[in-house]
Amino acid sequence: MPMTLDTVSTNKSHGGVQGVYRHQSRATGTDMTFSVFVPPHADGAKLPVIWYLSGLTCTHANVTDKGEFRKACAELGLIFVAPDTSPRGEGVPDDPEGAYDFGLGAGFYVNATQEPFARHYRMRDYIENELPEIVAGNFPADMARQGITGHSMGGHGALTISLRNPGRFRSTSAFAPIVAPAQCPWGQKALGGYLGDDRSTWKDYDACALIEGGARLPDLLIDQGDADANLELQLKTDLLRQACASAGMAATIRMQPGYDHSYPFVSTFMADHLRWHAERLG
């Protein structure tokens, strides 16, 4: 059954409606906030859905305010859904040292198993199960036509969620994704903290490991800036290129000269990604 949504705000944009909504989540045990842009459409029409997962420190607001997606979504007829990156609120544990790369804003789209995080940090369940039910029940969404994308930690989420759910998403892309978290400091801190020291439990949350284990996508689009300060240590794009090549999996991985890790980079290529998704979503 569709859950009750509280409407935080709605604004008309490009003939459609940009909304922000809040609800009580059964997955995280907290209030969760997300944004949805619904483009102009005929009464009764069902529209394809693009999921956008944000990166470290972000909420739904980062891409909603800076992603420059609405014009393209209005032209292409795409619903654009942007959830938060982690549970928030009183009683939700955070990194005890207040670091930006673990705890609040850094859920890494996992189901945590380690205390004190196991109760609330269940972003895998939230994104894979709960939020799709809410979107299907409250918006004119055609859930047979879904695509997923994301930035940085959200790119990691988009890749791993799509690889774990074959056939759910007709299209998958990412901007500067963390492709092998088991092999980078951000990922090792997060996966160790949320899942524990047994690295066999990390494989479900590592795109390169999933591909090496047999998971496949029909196609993939990646944009990565070559001036990104995180490229060599954290993002490791070449590992994804190697994994796809070894698996014979189609992937377009583009190095963009002079671009860094910021939203000016994301917004530059956003419309291109949305057109790519629309071609595959019909």
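Put simply, the side chain of Met249 reaches to within 4.5 Å of the side chain of Arg216, judged on heavy atoms. Under the 4.5 Å side-chain criterion, counting only non-hydrogen atoms from C-beta, Val38 is in contact with His41. For the pair Trp276/Thr252, no side-chain contact is recorded, criterion being any heavy-atom separation below 4.5 Å from C-beta on. The shortest distance between side-chain heavy atoms of Ile50 and Leu281 falls below 4.5 Å. Side-chain atoms of Pro185 and Gln234, non-hydrogen and from C-beta on, do get closer than 4.5 Å to each other. When side chains are defined from C-beta on, Pro39 does not count as touching Leu78, because their heavy atoms never get closer than 4.5 Å. Between Val81 and Ser35 there is no side-chain heavy-atom pair separated by less than 4.5 Å. In this structure the side chain of Arg124 never reaches within 4.5 angstrom of the side chain of Tyr109, judged on heavy atoms.
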Run the side-chain donor-acceptor check on residues 167-177: report pairs under 3.5 Å with partners two or more places apart or on a different chain.
{"from": "Arg168", "atom 1": "NH1", "to": "Glu128", "atom 2": "O", "distance (Å)": "2.5"}
{"from": "Arg168", "atom 1": "NH2", "to": "Glu128", "atom 2": "O", "distance (Å)": "3.4"}
{"from": "Arg170", "atom 1": "NE", "to": "Ala144", "atom 2": "O", "distance (Å)": "3.2"}
{"from": "Arg170", "atom 1": "NH2", "to": "Ala144", "atom 2": "O", "distance (Å)": "3.4"}
{"from": "Ser171", "atom 1": "OG", "to": "His277", "atom 2": "ND1", "distance (Å)": "2.6"}
{"from": "Thr172", "atom 1": "OG1", "to": "Ser162", "atom 2": "OG", "distance (Å)": "2.7"}
{"from": "Ser173", "atom 1": "OG", "to": "Thr149", "atom 2": "OG1", "distance (Å)": "2.8"}
{"from": "Ser173", "atom 1": "OG", "to": "His273", "atom 2": "ND1", "distance (Å)": "2.9"}
{"from": "Ser173", "atom 1": "OG", "to": "His277", "atom 2": "NE2", "distance (Å)": "2.9"}

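Both Tyr263 and Met270 are part of a single hydrophobic cluster, where members link through side-chain heavy atoms under 4.5 Å apart. There is a path of hydrophobic side-chain contacts, each under 4.5 Å, that joins Ile161 to Met123. In the hydrophobic clustering of this structure, Tyr205 does not group with Leu217; members are Ile, Leu, Val, Met, Phe, Trp, Tyr whose side-chain heavy atoms approach within less than 4.5 Å, directly or through other members. There is no path of hydrophobic side-chain contacts, each under 4.5 Å, that joins Met153 to Val179. Linking ILVMFWY side-chain heavy atoms closer than 4.5 Å, directly or via other members, places Met32 and Val8 in two distinct hydrophobic clusters.
Asn138 places a side-chain N or O within 3.5 Å of a backbone atom of Ile134 that can act as its donor or acceptor partner. For the pair Asp142 (side chain) and Lys46 (backbone), a donor-acceptor distance under 3.5 Å is absent. A donor-acceptor pair under 3.5 Å is absent between the side-chain atoms of Ser246 and the main chain of Ala243, judged by distance alone. With hydrogens and angles ignored, the 3.5 Å screen pairs a side-chain donor or acceptor of Trp202 with a backbone N or O of Gly196. Checking side-chain atoms of Asp260 against main-chain N and O of Ala227 turns up no donor-acceptor pair under 3.5 Å. Remark: side-chain polar atoms of His120 are paired, donor with acceptor, to backbone N or O of Thr28 under 3.5 angstrom. Here the side chain of Arg122 pairs no donor or acceptor atom with the backbone of Gly29 at under 3.5 angstrom. Although no hydrogens or angles enter the test, the distance criterion places no donor-acceptor pair under 3.5 Å between the side chain of Tyr126 and the main chain of Pro87. At least one donor-acceptor pair closer than 3.5 Å links the side chain of Gln146 to the backbone N or O of Met143. The main-chain N or O of Asn11 is never found under 3.5 Å from a side-chain atom of Gln18 such that the two would form a donor-acceptor pair.
Of all heavy-atom pairs between Leu240 and Ile211, the closest is CD1-CD1, 3.8 Å. When all heavy atoms are compared, the tightest approach of Lys189 to Asp101 is NZ-OD1, 2.8 Å. Ile178 approaches Cys184 most closely through the heavy-atom pair CG2-SG, 3.8 Å. Closest non-hydrogen pair, Leu56 versus Ala106, comes out as CD2-CB, 3.4 Å. Nearest heavy atom pair, residue Asn111 against residue Leu195, reads O-CD2, 3.4 Å. Among all heavy-atom pairs drawn from Pro40 and Gly16, the shortest one is CD-N, 3.6 Å.
Defined by atom type and a distance below 3.5 Å, a donor-acceptor pair is present between the side-chain atoms of His261 and Ser152. In summary, the side chains of Ser25 and Glu130 do present a donor paired with an acceptor at a separation below 3.5 Å, with no hydrogens or angles considered. In this model, a donor atom of one side chain and an acceptor atom of the other lie less than 3.5 Å apart for Asp228 and Gln224. A donor-acceptor pair shorter than 3.5 Å can be found between the side chains of Ser200 and Asp198.
A salt bridge does not link Glu232 to Lys236: none of the charged nitrogens lies less than 4.0 Å from a carboxylate oxygen. Note on Asp223 versus Arg254: salt bridge recorded, some NZ/NE/NH1/NH2 to OD/OE distance being below 4.0 Å. Lys203 has no carboxylate O lying under 4.0 Å from a charged side-chain N of Asp206, or vice versa, which leaves the two without a salt bridge.
Aromatic ring pairs are classed by plane angle as parallel below 30°, tilted from 30° to 60° and perpendicular above 60°; the pair Tyr194 and Phe117 is perpendicular.
Residue pairs meeting the ring pair (Phe, Tyr, Trp, His ring centres under 6.0 Å) criterion with at least one member in residues 211-237: none, sequence neighbours excluded.
Heavy-atom neighbours of Glu97 CD from other residues, nucleotides or ligands within 6.0 Å: at or below the threshold of 12.
Partners of Phe265 by ring-ring contact (aromatic ring centres under 6.0 Å, His included), not counting sequence neighbours, listed by chain and number: Phe269.
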Exercise. When you look at Asp204 and Arg164, which way does the salt bridge (charged side-chain N to carboxylate O under 4.0 Å, His left out) test go after all the steps?
Worked result: CA-CA 7 Å; Asp204 270 0; Arg164 285 197 307 264; 5.3 Å; no
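Checked against a 6.0 Å centroid threshold, the rings of Phe139 and Tyr21 count as neighbours.
Between Tyr52 and the options Phe80, Phe69, Phe34, Phe37, a ring-ring contact (aromatic ring centres under 6.0 Å, His included) holds for only Phe80.
In this structure, NE2 in His156 is found 9.5 Å from CG in Leu53, a value given to the nearest 0.5 Å.
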